[in-house]
2 protein chains.
Amino acid sequence: MSAAEKKALEKKSKSIHAIQSELENTNRIALSVDCVIFGFDENKLKVLLIRSDLKKYSGKWSLLGDLVFPKEDLDDAAYRILKQRTGLSDVYLEQVHTFGAVDRHPAGRVVTVTYCSLINVQHHKINILDNELHWHDVQTVKDLAFDHQQIFDTCLKQLQKRVQEHPLGFNLLPKKFSLRDLQNLYEAILDVKMDRRNFRKKFFTMDLLIDLNEMEQDAPHRPGKLYKFNFEKYEKKQKKWVGIDF
Amino acid sequence: MSAAEKKALEKKSKSIHAIQSELENTNRIALSVDCVIFGFDENKLKVLLIRSDLKKYSGKWSLLGDLVFPKEDLDDAAYRILKQRTGLSDVYLEQVHTFGAVDRHPAGRVVTVTYCSLINVQHHKINILDNELHWHDVQTVKDLAFDHQQIFDTCLKQLQKRVQEHPLGFNLLPKKFSLRDLQNLYEAILDVKMDRRNFRKKFFTMDLLIDLNEMEQDAPHRPGKLYKFNFEKYEKKQKKWVGIDF
DNA sequence: ATTTAATGTGTAAATTAAACACATTATCGA
DNA sequence: TCGATAATGTGTTTAATTTACACATTAAAT
């Protein structure tokens, strides 16, 4: 992380507090963005959290958030915050939900728009600055600051739903991956066990994996073949399926 | 519509303009809610629109929106606005997306949270006050004010997706309906034709329709049986299906 | 070399979706 | 009144998809 980014980060951590009196006086609504940044490491789904800087919530973890600038597009704000905190700029980022309970933030009336992002933990060295940032297993995330537990739960559910309908998971994997890697990812995100042979069949039928004719290295046993995802082919085919199922 | 509601409506139509100078001076963000209210009538999916009150957009139609009060929950604001405009209070209402481009509103920086709602046109007499409100066929909606076309498109897509996964459609039908009514609804929302016999089989297999042992009245030909939806049974069963399909 | 723990490849059964045909019932008009 | 009309109501047959399950192959570790 550059010095400039570090500075921007410190500046941020005060920004919501700084407007507290202003919020109370003007009787107006402030707008923030919170990012739920998912990663995948050691065959577990992770989420990046930051230690809360509010005394009321000291010791608790919270999501990465910041105020939206008055003349900044909402989506731009989300990308800016993601970039500030992780250095990432070329990743999947999707709006999930907006949380607007009156008392959701102790500093005053702050409505927050939540974005969800998936990054590859190995590809991007996150600066664990002053132990403020930490990758948590999603399984053990609990008791977050503010209403962040609710936000996190919503985003995880959305991720589980979306990952079944779109190839989001590939952003979490290395460029070259084995089918076992892919299955581990899906099992971690969806929290289910799948049949290895049917899983394999499923993806081969989709015909969206490119066989790289390479093998895993340093596998403890028989190495598997390596693949990459055919994003181009996926973009071309537009699904138009209609069914009723509830 | 009561006099009080009429007054509230008139007051509203100025509210965004009133804050224009304030927005410019304070350099802050205002928050609004826009409602996309879907209805169903004459076997067509409709959407309730209001004539734009801004000169810049005179003659164009727009969604029903209003500013969120500083000390009002976001969801409450959505229900308040829906109630103000339609008198409805006990309906399905769901947040869809938040739109926050800097220049999306001519009055200044207004970020808007969009909600989608489904109501039964016949059950709720909407006061078409001064020709300001009108039910439009969704098929012919185009060229809305502001970024409302984009918002509408997003909501329609979301509706089409959600209606396949949840029994939302029943809110648009009378309490007693025939299977033909139900199929007409789905065909209108999804914009597809379905096989009558397979459609029927689908819903009978779900076992969520209650046979009322009544027949349609005044049908031009052989009348069909009437049913109602078993909401209680639906609430009890929780779907936990996992699959990958993209 | 043998063991071990993976990968890689099918096949059969069950379930679900799609395509399709005909008898039944009420209305309408001659 | 009676046939024509235009719906509803009830299958069956076929195809496609999902699920369950078995065995040979490969490389590493001992």
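All chains are named by letter (A, B, ...) in the order of the sequence lines, taking the proteins before the strands, and each is independently numbered beginning at 1. The shown structure was predicted, so the numbers you read here are calculated from the model rather than taken from an experiment.
For the pair B/V242 and B/K225, both in contact range of DNA chain D, the more 5′-proximal nearest nucleotide belongs to B/K225. Mapping B/D195 and B/I244 onto DNA chain D via the closest heavy atom, the residue that lands nearer the 5' end is B/D195.
B/K161 meets the side chain to side chain donor-acceptor pair (under 3.5 Å) test with A/E165; sequence neighbours excluded. With sequence neighbours left out, the side-chain contact (heavy atoms from CB on, under 4.5 Å) criterion links B/R200 to B/L179, B/F204. Among residues two or more places apart in sequence or in another chain, the side-chain contact (heavy atoms from CB on, under 4.5 Å) test is passed with B/V121 by B/D41, B/W135. In this structure A/R196 satisfies the side chain to side chain donor-acceptor pair (under 3.5 Å) test with no other residue, sequence neighbours excluded. B/N184 is linked by a side chain to side chain donor-acceptor pair (under 3.5 Å) to B/N43, B/R180, counting only residues two or more places apart in sequence or in another chain. Evaluation of the side chain to side chain donor-acceptor pair (under 3.5 Å) rule for A/K233 yields A/D207 as partners, not counting sequence neighbours. Evaluation of the salt bridge (Lys or Arg N to Asp or Glu O under 4.0 Å) rule for A/K225 yields A/D211 as partners, not counting sequence neighbours.
With hydrogens and angles ignored, the 3.5 Å screen pairs a side-chain donor or acceptor of A/R85 with a backbone N or O of A/G65. A donor-acceptor pair under 3.5 Å is formed between the side chain of B/T140 and the backbone N or O of B/D137.
Atoms CD (A/E214) and P (D/dT26) sit 20 Å apart, rounded to a whole Å. Remark: P of D/dT8 and CZ of B/F177 are 15 Å apart, rounded to the nearest angstrom. Taking atom CG of A/D245 as the reference point, atom P of D/dT18 lies 12 Å away to the nearest angstrom.
Taking only side-chain atoms of B/R196, from C-beta outward, the nucleotide of C/dT9, D/dT8, D/dC21 with the closest atom is D/dT8.
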Determine all donor-acceptor pairs shorter than 3.5 Å in which one atom belongs to a side chain in residues 88-95 of chain A; sequence neighbours excluded.
unit_1	atom_1	unit_2	atom_2	d
A/Y92	OH	A/E94	OE1	2.4
A/E94	OE1	A/R162	NE	3.3
A/E94	OE1	A/R162	NH2	2.6
A/E94	OE2	A/Q158	NE2	3.4
A/E94	OE2	A/R162	NE	2.9
A/Q95	OE1	B/T98	N	2.7
A/Q95	NE2	A/Y115	OH	3.4
A/Q95	NE2	B/H97	NE2	3.4
A/Q95	NE2	B/T98	O	2.9

Which donor-acceptor pairs under 3.5 Å do the side chains of residues 213-222 of chain B make with protein atoms, sequence neighbours left out?
unit_1	atom_1	unit_2	atom_2	d
B/E214	OE1	B/K176	NZ	3.1
B/E214	OE2	B/K176	NZ	2.9
B/E216	OE1	B/G224	N	2.8
B/E216	OE2	B/S178	OG	3.4
B/Q217	NE2	B/M215	O	3.3

Generate the contact string for nucleotides 25-30 of chain C. Rules: B means base contact, S means sugar-phosphate contact only, - means no protein heavy atom under 4.0 Å. BSS---
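Taking a 4.0 Å limit (strictly below) on heavy-atom distances, residues 197-209 of chain A reaches DNA chain C at A/R197, A/R200, A/K201. Residues from residues 181-193 of chain A lying near DNA chain C, meaning a heavy-atom separation below 4.0 Å, are absent.
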